[in-house]
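Take a look at the structure below.
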Amino acid sequence: MTTRGDGRLLAPASPTLRMARRLGIRLAGWAGLCFAAVLLTYTLASLTFDPLADLRTTQPPTPQTVLDARAAELGLDQPIPTRFLTWVAAVPSGDFGVTVAGHDISEQVGQRAGASLRLFLPGSAAAVVLGIAFGLWGALRAGRFSDTASMTIALVLLAIPVFVLGTVLKILWLPINEAAGTDLLPFSGERTPGSDLTGWAAMTDRLRHLILPTVTIALPQIAFYSRFQRAAMLEVLDSEFLRAARARGLTRFGAIRTHGLRMALIPMTALIAFSFGLHLAGGVFTERIFGWHGLGDWLMSAVEHQDAMVVATATLLMAILVVTVGWIAEIALAVLDPRTRT
Amino acid sequence: MIDGAVSLRAALRRRPGVFFGAAVLILLAIAAFVGPHLLPHSHTQQDLTNILGPPSPAHPLGTGRLGEDVLALCLRGLQKSLVIGLLAAVLTTVLAAAIGTVAGYLGGKTDRALMTVVDILLVLPPILVVAVLSPALRGQSWLVLIVLISAFQWMLTSRVVRARARSLRTSGFVIAAENMGASTARIITRHMLPQMAPLLIIDCTMNVATAVLTEAGLSYFGFGVQPPDVSLGTLVATGTGSALTFPWVFVAPVGFLAATVLATAVLGEGLRDDERTP
């Protein structure tokens with residue numbers, strides 16, 4: 001039985017109902033977050049972009065009537081809130097509007113989101129696992145040479161921008177490609193263009209295209225997570241409860257396995273949730289360097305083409321991705337830390 | 001005097017990172033601001049008989065696409081990157097301190113509203129939001145770039161500050177100040193912020209590294225520092241195309257950029273470790 005603030009007794013809701021209600025509130029919160037992020041970028045884009053700039057600078061000057069007609073066609077004669085609401089209202093039905101060039105945006109959504117997911121999910125998942133592994137390993141060997149060396153490498157990796165890392169990886173791999181005579185690991189695109197490979201051959205072709213960009217995305221994240229995981233694990237290794245477990249006769253590894261590991265992993269869930277949006281920036285550079293036509297590449301070319309609707313669509317898809325990762329991190333936290341289950 | 005020297009040596013042994021980072025940063029700053037005056041070539045001077053020349057006694061880091069001295073270009077770019085990084089970090093930290101303390105001290109609705117803003121801004125990479133705003137940057141001074149970088153980088157620090165402010169809210173000296181009738185502004189600026197000074201200094205150092213990387217990323221895409229101005233980011237961007245054929249135009253700015261970020265990060269981490277284990 002729970003009591004409300006006013007002291008009235010509430011009938012205990014069934015657990016399923018309570019969970020459904022809680023999930024509903026969370027979903028609404030996440031939807032609100034995505035909405036606000038899209039509203040922000042759409043407004044900023046509409047305020048700064050000028051899709052008519054090319055027309056205005058022509059010689060001889062474009063007649064005002066043509067400018068007005070073009071503005072009306074793009075909906076620029078409407079105030080920004082009206083434009084945004086019109087766009088948002090159409091989104092649930094799968095209509096994301098048209099680009100400034102007049103193409104249907106929804107046609108590209110699947111392909112762009114797919115490219116980003118294929119690039120980003122394997123890289124980030126590998127980075128989380130490897131980062132945690134390196135961090136734990138480093139903490140257990142704290143102070144030894146291998147630990148110092150791996151942490152120094154991590155620090156250097158974090159100091160190198162992703163666009164340099166991608167270029168350096170290409171340069172390092174080039175001699176191997178040349179020695180092999182063919183593009184063992186191709187540098188550009190998702191698959192060999194114009195090839196009509198099927199089945200297994202198409203799979204390996206895609207995989208070979210995937211390796212270098214994945215490494216580019218994963219390396220900085222591995223460095224980032226491992227440094228945090230090492231610090232978290234060191235704190236746990238120094239804790240009272242682990243000493244108590246040892247005092248009860250557990251071996252060092254036994255105590256760490258049954259008590260320490262869980263505590264060391266808990267702070268990582270929050271870290272992954274809030275840093276994922278930041279790592280997405282690395283994905284944008286990677287897409288550009290390796291010629292993947294994903295969400296980041298889309299957003300950047302939308303800025304170049306002064307296309308606010310594409311910016312909004314790409315932002316929405318990225319926001320959904322970030323929020324989903326936050327949700328997964330929350331589940332992981334609930335699994336690790338029963339106190340947060342409610 | 002002797003005491004100072006002894007404690008300095010002791011600190012040096014205890015935290016080599018702090019001294020290493022600070023020394024490299026000071027050297028880089030001197031190189032960036034004094035160096036150009038000592039060089040025989042300015043960064044705009046073109047030696048058209050020696051285009052993309054390899055490192056030589058006259059040009060220690062070679063020459064660029066228009067025959068510019070790469071060292072002079074790098075020092076000029078380093079200057080811009082350092083100034084932008086430093087100013088953006090200070091502004092970021094000031095913003096974060098103001099928002100974090102207000103949210104943490106006042107709590108309630110203000111706290112919820114401000115933290116919702118933080119959550120919204122954390123959904124997207126700051127670099128993308130600034131990129132969206134970049135058309136407004138054309139023709140503007142790079143000072144606007146500093147404001148934009150800070151405006152989308154303060155969120156993480158403000159969360160840390162907020163947590164500290166919440167725990168300070170119930171401490172004795174804050175309650176005493178409240179009971180003596182001190183205003184909210186006074187409590188925040190005179191009682192809470194001094195308590196957080198170490199934390200803010202450390203975060204500010206870390207923010208320098210982030211801001212330098214953000215600026216480099218934006219300039220790499222052409223959204224940051226605009227020509228004819230150069231920053232390390234624009235230099236890396238122009239060098240990338242010739243990274244294989246004329247490596248010095250790529251390696252030199254990358255080296256300066258990595259050294260700056262690495263030294264800042266090492267300094268920041270050293271300071272943080274020092275703060276944790278007094």
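By convention in this document, chain letters (A, B, ...) are assigned in the order of the sequence lines, proteins followed by strands, and residues within each chain are numbered from 1. Small disclaimer: the values here were computed from a predicted structure and weren't measured.
Residues A:Pro161 and B:Leu257 are in side-chain contact: their nearest non-hydrogen atoms beyond the backbone lie under 4.5 Å apart. Taking 4.5 Å as the limit, every side-chain heavy atom of B:Leu122 sits out of range of all side-chain heavy atoms of A:Ser275. Here the side chains of A:Arg288 and B:Tyr220 are not in contact, with every heavy-atom distance at 4.5 Å or above.
The part of B:Val254 that comes within reach of chain A is its side chain, from C-beta onward, which places non-hydrogen atoms under 4.5 angstrom from that chain. In this structure, the portions of A:Met300 lying under 4.5 Å from any heavy atom of chain B include both its backbone and its side chain. Proximity to chain B is limited to the side chain of A:Leu40, based on heavy atoms less than 4.5 angstrom apart. If you measure heavy-atom distances from A:Thr315 to chain B, the contacts under 4.5 Å come from both the backbone and the side chain. Neither the backbone nor the side chain of B:Ala209 comes within contact range of chain A; no heavy atom of the residue lies under 4.5 Å from a heavy atom of that chain. Using a 4.5 Å cut-off between heavy atoms, B:Ser134 touches chain A through its side chain atoms alone. The part of A:Val311 that comes within reach of chain B is its side chain, from C-beta onward, which places non-hydrogen atoms under 4.5 angstrom from that chain.
Here A:Phe285 is the residue among A:Phe35, A:Phe276, A:Phe274, A:Phe285 with the most heavy-atom pairs under 4.5 Å with chain B. Ranked by non-hydrogen atom pairs under 4.5 Å with chain A, the options B:Ile127, B:Val236, B:Leu124 are led by B:Leu124.
Scanning both residues, A:Leu158 and B:Leu213, for their nearest heavy atoms gives O-CD1, 3.8 Å. B:Ile120 and A:Ala36 make their closest contact through CD1-CB, 3.3 Å (heavy atoms, listed as atom of the first residue, atom of the second, distance). Among all heavy-atom pairs drawn from A:Val322 and B:Val123, the shortest one is CG2-O, 3.4 Å. Across B:Phe250 and A:Val168, no two heavy atoms sit closer than the pair CE2-CG2, 4.2 Å.
Taking a 6.0 Å sphere around CZ of B:Phe221, one finds it holds more than 12 heavy atoms contributed by other residues, nucleotides or ligands.
Only one option out of A:Leu155, A:Thr152, A:Ile160 pairs with B:Leu262 in a side chain to side chain contact (heavy atoms under 4.5 Å, CB included); it is A:Leu155.
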